[in-house]
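Okay, structure first, notes after.
All figures in this text were calculated on a predicted structure; none of them were measured in a lab.
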Amino acid sequence: MNWLLVVCGAMVGAPLRYLTDREVQSRHDSVFPWGTFTVNVAGCLVLGLLTGAAAHLHLLLGTGLCGALTTYSTFSYETLRLAETGARLQATLNVAVSVAAGLAAAFAGAALARM
């Protein structure tokens, strides 16, 4: 039955990722992938909040929702495209800021969960 929790979370996470990505990106006139950045940082925050939560919450929200919401492959692809089109500074910033913000969000979520 654990797989059903993962499926239910993913059914929410995948469309949420797509809609959030499109909405955020439409508000920025920039080559920087703000939509992907936003969903990845939000997912890190949720996973941090789940620290110490029951196993069924990890399956539903961690593996299911966050697994479908966040996207390492899109992050990698968008970084590659930035570099290939000559936007090397933005590609470098995308990597550095995404990793730093993701870690900060996960730590913040874990700290909030302990409160």
* Asked: Is Thr36 close to Asp21 at the side-chain level, that is, under 4.5 Å between some pair of heavy atoms?
  -> yes
* Spacing of Leu80 atom CG and Asn94 atom CG [to the nearest 0.5 Å] -> 11.5 Å
* Structure fact -> Separation between OG1 (Thr71) and CZ (Phe75), nearest 0.5 Å, reads 10.0 Å
* **Minimum heavy-atom distance between Pro33 and Gln25, given as atom pair plus value** => C-OE1, 3.4 Å
* To do: Quick one: pull up OH in Tyr72 and OG1 in Thr79 and give me the separation to the nearest 0.5 Å.
  => 8.5 Å
* **Side chain to side chain, Val41 and Leu45, heavy atoms closer than 4.5 Å** => no
* Asked: Are Val24 and Leu93 connected, step by step, through hydrophobic side chains (Ile, Leu, Val, Met, Phe, Trp, Tyr) whose heavy atoms are closer than 4.5 Å?
  -> yes
Could you pull out every donor-acceptor pair under 3.5 Å between side chains of residues 48-64 and any protein atom, sequence neighbours left out?
| residue | atom | partner | partner atom | Å |
| --- | --- | --- | --- | --- |
| Thr51 | OG1 | Gly48 | O | 2.8 |
| His58 | NE2 | Leu50 | O | 3.0 |

* Measure the OG-CZ distance between Ser98 and Phe32 for me, rounded to the nearest 0.5 Å. => 5.0 Å
* Linking I/L/V/M/F/W/Y whenever any side-chain heavy atoms sit under 4.5 Å apart, do Met1 and Met11 land together? -> yes
* Determine the minimum heavy-atom distance between Ala10 and Pro15, stating which atoms define it. => O-CD, 4.0 Å
* Name the orientation class of the two ring planes belonging to Trp34 and Phe37 (parallel below 30°, tilted from 30 to 60°, perpendicular beyond 60°). => perpendicular
* Starting at CZ of Arg17, measure out to SG of Cys66 and round the result to the nearest 0.5 Å. => 13.0 Å
* For Arg27, which residues count as a salt bridge (charged side-chain N to carboxylate O under 4.0 Å, His left out) partner, sequence neighbours excluded? -> Glu23
* Co-membership, hydrophobic cluster, residues Val95 and Val39, 4.5 Å side-chain -> no
* Within the side chain of Asn40, is there an N or O that forms a donor-acceptor pair under 3.5 Å with the backbone of Thr70? -> no
Let me check something: any side-chain donor-acceptor pairs from residues 81-91 under 3.5 Å, sequence neighbours excluded? List them with distances.
| residue | atom | partner | partner atom | Å |
| --- | --- | --- | --- | --- |
| Arg81 | NH1 | Glu84 | OE1 | 2.8 |
| Thr85 | OG1 | Arg81 | O | 3.0 |
| Thr85 | OG1 | Leu82 | O | 3.1 |

